[in-house]
There are 2 protein chains.
Amino acid sequence: MAADDLPALLLSAARGLVDSIDAGVRARGFTDVRPAHGFAFTLISGGGATVVELARHLDVTKQAASQMVEELISKGYVDRRPHPADARARLIVLTERGWACTRAADEAAAEILASWSTLIGDRRLTALRADLAKLAVPGRLRPTW
Amino acid sequence: MAADDLPALLLSAARGLVDSIDAGVRARGFTDVRPAHGFAFTLISGGGATVVELARHLDVTKQAASQMVEELISKGYVDRRPHPADARARLIVLTERGWACTRAADEAAAEILASWSTLIGDRRLTALRADLAKLAVPGRLRPTW
DNA sequence: ACTATATAGTCAATGAGCTTGACTACAGGG
DNA sequence: CCCTGTAGTCAAGCTCATTGACTATATAGT
């Protein structure tokens with residue numbers, strides 16, 4: 001196999017994707033959120049989550065997750081509700097603003113994917129997704145390296 | 001086009017790749033380096049670089065790049081030499097330890113790519129690289145989101 | 001039912017890495 | 001030769017994460 005720059009290309013594509021989605025979200029008026037918040041929204045949008053679940057999802061400590069929740073509450077994106085089955089826990093859910101931001105991110109992502117489709121074609125994009133599905137590591141999401 | 005989880009898969013694969021390379025480098029005895037240092041080595045290994053060039057490559061301020069150089073010097077990975085053509089600048093070059101670490105990273109990366117080759121096949125891996133080359137954004141490298 | 005241990009969450013202090021601002025030293029064109 | 005621009009460093013501060021300690025609730029074992 002030839003000397004490979006695949007790692008650099010993969011990193012560059014990932015960075016470009018995140019930057020583009022972030023730019024799209026900001027362009028839609030949500031200027032006080034970071035990409036990391038989007039990773040949180042992804043989990044919370046699925047029926048809510050606890051702080052500990054969020055911490056695991058983001059691969060940070062529960063203290064860090066708690067701080068992020070506090071920040072998102074103060075910015076109006078999420079809300080705390082009592083957990084229906086555990087008095088210790090609290091269920092974090094999206095507010096209407098949180099949902100709007102999530103939709104904005106989805107729209108931005110769809111735009112990027114559409115541009116990618118014109119770049120390499122729909123067939124290649126589907127194949128790319130299939131290949132990446134085999135290479136992706138389950139569980140690990142948040143970069144921050 | 002179907003609702004796509006391609007962004008998540010791409011991020012996950014990128015994160016898995018970086019984590020694996022980092023683990024491989026540590027397993028080879030270099031426990032005091034971070035992935036970001038690898039991005040620096042990539043530039044410096046090509047005949048040396050100045051602090052400002054490094055800053056541009058890593059997409060950080062020159063102050064941050066200067067601090068990283070200071071750290072890498074104290075750990076014995078790089079060295080400062082007077083710049084042959086500019087008395088203001090200094091040429092940052094790899095020490096023998098820096099080269100050894102770079103080789104370790106290359107070995108680790110080759111290992112991961114080999115495992116990927118067994119996962120999706122050599123042909124698909126080549127196609128993947130070609131597609132990513134079209135999607136990658138030139139210049140942008142360091143994530144840190 | 002009662003203790004013992006584990007888990008959910010928060011508060012406080014600290015740290016790593018990056019930024020802005022200000023400065024010195026040298027470069028290079030009018 | 002000045003005058004503007006660039007290379008680099010010093011210092012201070014910010015942001016986001018960490019570790020440590022604690023309270024409240026859950027759950028298993030006897």
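We name chains A, B, ... by the order of the sequence lines, and we start the count at 1 in each one.
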Enquirer: Just how far, in rounded Å, is C1' of dG8(D) from CZ of R81(B)?
Expert: 18 Å

Enquirer: By side-chain contact (heavy atoms from CB on, under 4.5 Å), which residues pair with T61(A), not counting sequence neighbours?
Expert: Q63(A), A64(A)

Enquirer: Tell me what T61(B) touches on the nucleic acid: a base, only sugar-phosphate, or nothing, going by heavy atoms under 4.0 Å.
Expert: base

Enquirer: Please give, in whole Å, the distance from dG17(C) C1' to F39(B) CZ?
Expert: 15 Å

Enquirer: Distance check needed: dG8(D) P versus I92(B) CD1, whole Å only.
Expert: 7 Å

Enquirer: Taking distance alone, no hydrogens or angles, what donor-acceptor pairs closer than 3.5 Å link side-chain atoms of residues 92-99 of chain A to residues at least two apart or in another chain?
Expert:
residue	atom	partner	partner atom	Å
T95(A)	OG1	G76(A)	O	2.6
T95(A)	OG1	Y77(A)	O	3.1
T95(A)	OG1	R97(A)	N	3.4
T95(A)	OG1	G98(A)	N	3.2
E96(A)	OE2	R103(A)	NH2	3.1
R97(A)	NE	K75(A)	O	3.4
R97(A)	NH2	Y77(A)	OH	2.9

Enquirer: Quick one: list whatever passes side chain to side chain donor-acceptor pair (under 3.5 Å) with Q67(A), sequence neighbours left out.
Expert: none

Enquirer: Mind checking what makes side-chain contact (heavy atoms from CB on, under 4.5 Å) contact with A109(A), not counting sequence neighbours?
Expert: I21(A)

Enquirer: Rounded to the nearest angstrom, tell me the gap between atom NZ in K75(B) and atom C1' in dA16(C).
Expert: 11 Å

Enquirer: What is the distance from CG of L54(A) to C1' of dT10(C), rounded to the nearest Å?
Expert: 15 Å

Enquirer: Looking only at side-chain N and O atoms, does R80(A) come under 4.0 Å of OP1 or OP2 in dA8(C)?
Expert: no

Enquirer: Determine, for nucleotides 24-30 of chain C in 5'-to-3' order, which nucleotides have protein heavy atoms under 4.0 Å from the base (write B), from only the sugar-phosphate (write S), or from neither (write -).
Expert: -BBS---

Enquirer: R88(A): what forms a salt bridge (charged side-chain N to carboxylate O under 4.0 Å, His left out) with it, not counting sequence neighbours?
Expert: D86(A)

Enquirer: What residues, two or more places apart in sequence or in another chain, satisfy salt bridge (charged side-chain N to carboxylate O under 4.0 Å, His left out) together with D131(B)?
Expert: R124(A)

Enquirer: Among dG9(C), dT19(C), dT18(D), which nucleotide has an atom closest to any side-chain atom of A89(A)?
Expert: dG9(C)

Enquirer: With a 4.5 Å heavy-atom cut-off, do S12(A) and L132(B) have their side chains touching?
Expert: no

Enquirer: Quick one: pull up CG in D106(A) and OG1 in T42(A) and give me the separation to the nearest 0.5 Å.
Expert: 8.0 Å

Enquirer: Test of understanding: with salt bridge (charged side-chain N to carboxylate O under 4.0 Å, His left out), list the residues that count as partners of D22(A), not counting sequence neighbours.
Expert: R26(A)

Enquirer: Below 4.0 angstrom, which residues in residues 62-72 of chain A have at least one non-hydrogen atom near DNA chain C?
Expert: K62(A), Q63(A), S66(A)

Enquirer: Taking NE2 from H37(B) and C1' from dC18(C), how many angstroms apart are they, rounded to a whole number?
Expert: 13 Å

